Number of protein chains: 2
Amino acid sequence: MALLTIKQLAEQLGLAPSTVSKALRDSYEISAETKQRVLEAARQYHFTPNPYASSLRRKNSRTIAIVVPEVEDSFFSTAINGIEFVAHSADYHVLIYLTHEDQALEESILRELSNGRVDGILISVATGSASARHLLDYNMSGKPLVFFDRVLDEVPVHKVITDDFEAGYLASKHLLENGCTHISFLSIGDGLNIMKQRFDGGAKAVREFRPGTPYHYVNCSPDPNTARILIQKLLTSANQPDGIIGAVEKLAIATYLECKSLEIRIPEDLRVLAFSNLPTASLLKPGLSTIRQPAYEIGKKAASLLFESLNKNKPPFTPKSIVVPSVLEPRASTLWKEWQDHQ
Amino acid sequence: MALLTIKQLAEQLGLAPSTVSKALRDSYEISAETKQRVLEAARQYHFTPNPYASSLRRKNSRTIAIVVPEVEDSFFSTAINGIEFVAHSADYHVLIYLTHEDQALEESILRELSNGRVDGILISVATGSASARHLLDYNMSGKPLVFFDRVLDEVPVHKVITDDFEAGYLASKHLLENGCTHISFLSIGDGLNIMKQRFDGGAKAVREFRPGTPYHYVNCSPDPNTARILIQKLLTSANQPDGIIGAVEKLAIATYLECKSLEIRIPEDLRVLAFSNLPTASLLKPGLSTIRQPAYEIGKKAASLLFESLNKNKPPFTPKSIVVPSVLEPRASTLWKEWQDHQ
DNA sequence: GGTTTAATCGAAAACGATTTCGCAGATTGA
DNA sequence: TCAATCTGCGAAATCGTTTTCGATTAAACC
């Protein structure tokens, strides 16, 4: 069944294609009754304009792209949900691209997207210390780009982030308050802004509350399997930590799994705190203390900023950085003090 | 920075646009050395053809759509990952649409997508007993459509599913073997094929192994909050069950949360088994027994079938139904017998 | 009544790529 | 040597919309 074209619809109505087009877009040039007729016919025949012809002519696509490292992660899936909500409300379509934490892949995706396929991009960058060239280049194309969560400071665009430094500070403070004397910060890779912020925040807490306490940055891998191996090595090493801050959800899960197989008790032997949006955090054994990010809000805000840029016609652009606070949710996995008191 | 067009590139090269186009698509009409020249220039200037002009002319979009109820669910996010893998390999773009279990929304999405925006659709349908009209209509348009997991039998297209009846049977059998005398099957809504299959499979096990055992279908809501309220009502009712089969991940989480707040012990007071792909199943308190679906494989298979249809030029079409087996992973949440023996 | 002005609509030119078709010049075959 | 074939490329039509720019008629003004 070939699709109906505006030309055929016009013929049916005894009108010119241009008239039909204008009627459909509610142009002032067309009389109310003609509009009525056109609308009715369009509905009757289920006519919708060919999106590609339309995009070609209008030079926009009513489509945005989400570029994220992965989708099997509560933070990202929730953020996507928030983005989709806003996009759908604005009657935009959403393309999704996964970088799998691969810089080269991220680059090729961004190069490809700069050919006009999308009107704008929402991105949370992959780990890896490579350059921001591809993002700067995309930005130069004049089409809006908004970062969320994992940002690159050197690119002057809107950003929606959480107070990572502060959250890292609170995380570390919380562990210290619960008797930790040796904290390891588990990261998924260098070069990622949020990793540095979270780690540095933790360092500040150590300096303030118990200076000299060992506090190490452990570069695990984004790959769960190799991460587990590294965590195992860490937990069985001579100076294993008694407190862990997992920078992302996957590292928390890996830590729990490894503790289970090594029979390391949480929180007795090891206190665990993680940046995570796991819906099951409170149901784990023991309940996982988390720094929860408002993922849905972040997604919505980032998308809103994108559409804001999309609708403003080339203003004097001053990039905003919106910071939405994360919250520390202490649970059994870190409540060592309480646990001790109860004995 | 305005985008480079093929015309401008041709001018740079002293060639006609048609020649450049043909060279880029490796046409036999163009000499090797000209191709070389064109390719080089294209790379140098970062030229990629305008996708909308291209799609308009070629009447295809190199884009597919994923239509799913939600993305904050391990099954769907993993399936999406599998789909994306295949799509990316085939150099296709992926649009994502969320129906939020809303039939009307699903309909409007499918109507919209039938205007040629995508070359094909992968869908897992929303709950609700409404008609399959929109899917039948889309199918009539001649563009391929593939179901995964949540299928509609009346639409004659490729489907990738799991052995739901069998899995329901195993689930129910497992609960009976672990001392359940009253089983409730928690569904997220009527009219969904997989719900019926899973429930009916369970009924068969009851008939076979302990006929007469109360076995009820409980229609919870897809909305977590109302689901929790209904579950609470169930668990505090006069004849509350001692065994629960959760049809989807969210219901398992809701059940656990509710048990926690009602201080119902799992598995002592209630055994819980759920269709779920939770990565934390083994880490819960107690470990959640699951029926795990091979979500990634399902996604990959479904996408492969779609591309198969896309590449075949209108064959005598016979819809395939691929069934990939789920696996029962028993954990502490149902191991009542063992627990008893240990006392 | 003649001239503005407004109100509706249509013709035709884009948008940027692809494809058909034809045209040269070179090569081959008899 | 002349026709037939082959090679390599370009001109122009086309995909389906949107938009610009007139054109036509009717209403309004002086």
Side-chain angles (χ1 to χ4, degrees), chain A residues 1-39 41-42 45-63 93 112 114-119 141 143, chain B residues 1-39 41-42 45-63 93 112 114-119 141 143:
Chain A
M1 176 165 88
L3 251 35
L4 194 64
T5 72
I6 203 174
K7 209 165 162 185
Q8 296 168 323
L9 185 64
E11 198 156 5
Q12 282 292 318
L13 288 161
L15 291 171
S18 51
T19 307
V20 175
S21 175
K22 282 183 261 193
L24 289 173
R25 328 212 135 262
D26 201 26
S27 159
Y28 69 96
E29 296 181 62
I30 306 300
S31 72
E33 86 184 310
T34 306
K35 278 179 191 167
Q36 187 62 27
R37 258 188 353 117
V38 171
L39 255 2
Y45 297 117
H46 284 121
F47 172 80
T48 44
N50 179 303
Y52 295 109
S54 185
S55 289
L56 173 60
R57 179 62 232 238
R58 308 180 56 173
K59 291 174 175 301
N60 71 348
S61 60
R62 296 203 79 74
T63 305
H93 299 260
E112 152 80 38
S114 62
N115 65 2
R117 186 178 292 273
V118 296
D119 297 345
S141 79
K143 269 171 299 194
Chain B
M1 175 164 89
L3 251 36
L4 194 63
T5 72
I6 203 174
K7 207 165 162 185
Q8 297 168 322
L9 184 65
E11 198 156 5
Q12 283 290 318
L13 287 160
L15 291 172
S18 51
T19 307
V20 175
S21 175
K22 281 182 262 194
L24 289 173
R25 328 211 133 263
D26 201 24
S27 160
Y28 68 96
E29 296 182 62
I30 307 301
S31 73
E33 88 183 307
T34 306
K35 278 180 191 167
Q36 187 61 28
R37 251 179 11 107
V38 171
L39 255 3
Y45 296 118
H46 283 122
F47 171 80
T48 44
N50 179 304
Y52 295 109
S54 186
S55 289
L56 173 59
R57 180 61 231 241
R58 309 181 56 175
K59 291 175 175 300
N60 70 350
S61 60
R62 295 203 79 74
T63 305
H93 299 260
E112 152 80 37
S114 62
N115 66 2
R117 185 178 294 274
V118 296
D119 297 344
S141 79
K143 268 171 298 192

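Quantities reported herein were computed from a predicted structural model and do not represent experimental measurements. Quick note on labels: first sequence line is chain A, next is B, and so on, each numbered from 1.
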**OP:** Answer yes or no: is there a donor N or O on one side and an acceptor on the other, between the side chain of A:R117 and the main chain of A:E112, under 3.5 Å?
**Re:** no
Original post:
Within the distance-only criterion (no hydrogens, no angle test), does the side chain of A:K59 pair as donor or acceptor with the backbone N or O of A:G116 below 3.5 angstrom?
Top reply: no
Original post:
Is the backbone N or O of B:S55 less than 3.5 Å from a side-chain atom of B:S61, with the two atoms forming a donor-acceptor pair by type?
Top reply: no
Original post:
Is B:Y52 reaching over with its side chain to a backbone N or O of A:A53, donor-acceptor style, under 3.5 angstrom?
Top reply: no
Provide a list of protein-nucleic acid N or O atom pairs under 3.5 angstrom, restricted to nucleotides 14-16 of chain D.
from   : atom 1 : to    : atom 2 : distance (Å)
D:dT14 : O2     : B:R57 : NH1    : 2.7
D:dC15 : O3'    : B:K59 : NZ     : 3.0
D:dG16 : OP1    : B:K59 : NZ     : 2.7
D:dG16 : N2     : A:A53 : O      : 3.4

Original post:
First contact, last contact: which nucleotides of DNA chain C are these for chain B, 5' to 3', heavy-atom distance under 4.0 Å?
Top reply: C:dG16 to C:dC21
Original post:
So, for B:K143 and B:S114, which heavy atoms are closest and what is the spacing to 0.1 Å?
Top reply: NZ-O, 3.6 Å
Original post:
Do you know the tightest heavy-atom contact between A:F47 and A:I6?
Top reply: CE1-N, 3.6 Å
Subject >> B/S/- contact track for nucleotides 6-11 of chain D, protein heavy atom under 4.0 Å >> reply: --BBBB
Original post:
Looking only at heavy atoms, which two atoms of A:S54 and A:R25 are closest? And how far apart?
Top reply: OG-NH2, 4.3 Å
**OP:** Note down the inter-axis angle between the two ends of the helix from C:dG1-D:dC30 to C:dA30-D:dT1, five pairs each, to the nearest 10°.
**Re:** 50°
Subject >> Nearest atoms (heavy-atom pairs only) where A:N115 meets B:P49 >> reply: ND2-O, 3.7 Å
**OP:** Indicate yes or no: at least one non-hydrogen side-chain atom of B:Q12 is less than 4.5 angstrom from one of B:L4.
**Re:** no
Original post:
At what distance, to the nearest 0.5 angstrom, does CG of B:N60 lie from CG of B:D119?
Top reply: 5.0 Å
Original post:
Quick one: side-chain hydrogen bond (donor to acceptor under 3.5 Å, both in side chains) partners of A:E11, sequence neighbours excluded?
Top reply: none
Original post:
Does A:S21 have any side-chain hydrogen bond (donor to acceptor under 3.5 Å, both in side chains) partners at least two apart in sequence or in another chain, and if so, which?
Top reply: none
